[in-house]
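Data block below; observations after.
By convention here, the first residue in the shown sequence is residue 1.
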Amino acid sequence: MADDVLFEFLHMEMVSHIYKDQASRGEMDKDRATCVSTLEGMGFRVGQGLIERFTKDSPSFKDDLDVMKFICKDFWINVFRKQIDNLRTNHQGTYVLQDNKFALLTQFSNGKQYLEEAPKYLAYSCGLVRGALSNLGMDCVVTAEVSLMPSCKFQVVIQKI
């Protein structure tokens, strides 16, 4: 329990620090994209490292769906202490992972007043997922969407080469 709170505080401080650092430089237009990119890059590197540890003793995966099931169960449990609530796919390389009580958004009010602020707190998590999938050999684009707090949908689009 204490670990979860520490991770949540660290995450909030990372986001706050990166946004304040960019705001002090001026240029508000470029700020948002730069901040999101920085947070996503940090998450990417951490996701790569975590997936190496989590898969060290597991057998290889059969296909993309097998990898996504691993992300939704084992990876998500190790990082956020719960499974993804729903996994959907179109069987053409697009997956939607839904978390109805996303750990990094539960500290916010459940009203609509913080919906505009929510995306900046999801960039790091998108990077975590993208980094984990990258290390498993899947090049992808991960985006997140919040329509009702603290529920969150992550869309993973696998890039076919």
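A donor-acceptor distance shorter than 3.5 angstrom exists from the side chain of Ser58 to the backbone of Thr55, with no hydrogens or angles considered. Remark: side-chain polar atoms of Thr89 are paired, donor with acceptor, to backbone N or O of Thr94 under 3.5 angstrom.
Here the straight-line distance linking atom NZ of Lys120 with atom CD1 of Ile18 works out to 11.5 Å at 0.5 Å rounding. Rounding to the nearest 0.5 Å gives a distance of 7.5 Å between CE of Met68 and SG of Cys140. Once rounded to the nearest 0.5 Å, the distance linking CD of Glu40 with OG1 of Thr143 reads 10.5 Å. Note that CZ of Phe61 is 5.5 Å distant from CG of Leu136, once rounded to the nearest 0.5 Å.
Residues Val46 and Leu50 have side chains in contact (heavy-atom distance under 4.5 Å, counting atoms from C-beta outward). The shortest distance between side-chain heavy atoms of Gln98 and Cys152 does not fall below 4.5 Å. A heavy-atom distance below 4.5 Å is found between the side chains of Tyr124 and Met42. Within the 4.5 Å cutoff, side-chain heavy atoms of Gln159 are placed close to those of Val141. With contacts defined as side-chain heavy-atom distances shorter than 4.5 Å, the pair Val79/Leu128 qualifies. The closest side-chain heavy-atom distance from Tyr95 to Leu87 is below 4.5 Å. Side-chain contact between Asp99 and Lys153 is absent, with no heavy atoms from C-beta onward closer than 4.5 Å.
Among residues two or more places apart in sequence or in another chain, the side chain to side chain contact (heavy atoms under 4.5 Å, CB included) test is passed with Lys56 by none. Taking Glu52 as the reference, Asn135 meet the side chain to side chain contact (heavy atoms under 4.5 Å, CB included) condition, with sequence neighbours excluded.
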Subject >> Gln155 vs Glu145, side-chain contact (heavy atoms from CB on, under 4.5 Å): CA-CA, chis, key distance, verdict >> reply: CA-CA 8 Å; Gln155 182 171 4; Glu145 168 190 325; 5.8 Å; no

**OP:** Apply side-chain contact (heavy atoms from CB on, under 4.5 Å) to the pair Phe154 and Val96, showing each step before the final yes or no.
**Re:** CA-CA 6 Å; Phe154 292 91; Val96 177; over 6 Å; no

Subject >> Worked verdict on Leu104 versus Ser125 for side-chain contact (heavy atoms from CB on, under 4.5 Å) >> reply: CA-CA 9 Å; Leu104 299 178; Ser125 303; 3.4 Å; yes

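With salt bridges taken as basic N to acidic carboxylate O contacts below 4.0 Å, one links Lys160 and Asp64.
Annotation: ring pair (Phe, Tyr, Trp, His ring centres under 6.0 Å) contacts involving residues 128-149, sequence neighbours excluded, are absent.
Closest approach of Gly131 and Gln48 over heavy atoms only: O-CG, 3.4 Å.
Each of Leu105, Val146, Asn100 was scored for a side-chain contact (heavy atoms from CB on, under 4.5 Å) with Ser151, with one residue passing: Asn100.
Between Phe102 and Phe80, the ring centre distance stays below 6.0 Å. Ring centroid separation for the pair Phe70 and Trp76 does not come in under the 6.0 Å cut-off.
The hydrophobic cluster containing Ile77 does not contain Leu133, counting ILVMFWY residues as joined when their side-chain heavy atoms lie under 4.5 angstrom apart, directly or transitively. Under a hydrophobic-cluster definition in which Ile, Leu, Val, Met, Phe, Trp and Tyr are linked whenever side-chain heavy atoms come within less than 4.5 Å, directly or via other members, Ile71 and Leu65 are assigned to the same cluster. Phe44 and Tyr121 fall into different hydrophobic clusters, where Ile, Leu, Val, Met, Phe, Trp and Tyr residues are linked whenever their side-chain heavy atoms come under 4.5 Å apart, directly or through other members.
For Lys73, the NZ atom sits in a loose shell: 12 or fewer heavy atoms of surrounding residues, nucleotides or ligands are nearer than 6.0 Å.
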